[in-house]
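All ligand and atom numbering here is 1-based and tracks the order in the structure. For this chain, numbers begin at 1 and follow the sequence in order. What you are looking at is a predicted structure, and each value in this text was computed from that prediction instead of being measured.
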Amino acid sequence: MSVKLVFLGTGSGKPVPSRNVSSVALFREGETFMFDCGEGTQVQLARSPLRPGALAGVFLTHFHGDHVNGLPGFLGTLGLNQREESLAVVAPRGLRKWLRALRDTNILGTNYRLELTEVTEEGVVLSGDGYRIEAHALDHRVDCYGYAFIEDARPGRFDLDAARALGVPPGPMFGKLQRGEAVTLDDGTVVTPEQVLGDARPGLKIAYCCDTKPCDGAIALARDADVLIHESTYPAGNERTAHKRGHSTSGDAARAALEGGARKLVLTHFSQKHPGVGDFLPGARAIFPNTIAARDLMELEVTRREV
Ligand SMILES: [Zn+2]
Ligand SMILES: [Zn+2]
């Protein structure tokens, strides 16, 4: 079992043929979660192996065009596709007003329900079967939140030998212990799950940190993340310009990954003035070697750690 990431757009500012603007899709056990929805995202999605029908939620970091302009068209297409299930849309304050204006001007006609959440503080913004999504405040030019997709911890491994040694008969009692319930043997002995289960195994944490200059929220997102997707608008060495504009360099992204103890860093949101990723990678890898650069339609399989 794993989680798949598909990078739908990896550029900042405006779309160009080789790089669309921001969007990342996360696919897990039949459900898709979309982070940002820049212009043209639905075309990118159609070019990817993901199907929009499985979409469970859209999470917008902030109201800059390169992160949200694709949403109205995409929501309209879902309506044309006869979507019936409701869809969660999470974004900072302003979401309701924006969508109301689109409805009032007849631009947005959806026949399915939108479950809107305006993020006003850090915390869990959506939870489901075995996962939750947390928002962390970032430091950009407008209200901005990054998101972390966090799976619940899984029960520890079942120690067959320990169970046998304690006299637990194979069968339903094994299942009960695996589910975390104590069992009573025929002779009255009580066996608890702790006696036969190893330590709980952590689920995956995938963090999306976009757009921001270096800040505590970025470190919180990076904390123990299996994958940190971090904006890298400018190559390392351009910190002054980047920070003045509320952005990060590839070096800043690497420092956040290092400080937070992330396991892998994926750079994205590249300035379109730099068509290749060669300008971004060396400065990041010098600080955090396990860094890759996202490119449009890149797929990344993330597998759970075994401990
Ligand atoms: Zn941006
Ligand atoms: Zn922005």
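Within the 2.8 Å limit, D211 places at least one N, O or S atom next to the Zn ion (ligand 1). Look at H62 and the Zn ion (ligand 2): an N/O/S atom of the residue is under 2.8 Å from the metal. Metal site remark for the Zn ion (ligand 1): H269 contributes an N, O or S atom at a distance under 2.8 Å.
Using bins of under 30°, 30° to 60° and over 60° for the plane-to-plane angle, the ring pair Y131/F149 lands in the parallel bin. By the 30° and 60° cut-offs, the orientation of the rings of H64 relative to H140 is perpendicular. The aromatic rings of Y208 and F35 lie tilted to each other, with the angle between the two planes from 30° to 60°.
The minimum distance between the Zn ion (ligand 2) and any N, O or S atom of H64 involves atom ND1. Taking the Zn ion (ligand 1) as reference, H67 places its N/O/S atom NE2 nearest. Sorting the N, O or S atoms of D66 by how far they are from the Zn ion (ligand 1) puts OD2 first. Counting just the N/O/S atoms of H140, the one with the shortest distance to the Zn ion (ligand 2) is named NE2.
Evaluated for a side-chain contact (heavy atoms from CB on, under 4.5 Å) with L8, the options V24, V43, L45, N20 yield exactly one hit, L45.
Listed for the Y147 side chain is a donor-acceptor partner under 3.5 Å among the backbone atoms of L60. Using a distance-only test at 3.5 Å, with no hydrogens or angles considered, a donor-acceptor pair links the side chain of R19 to the main chain of P275.
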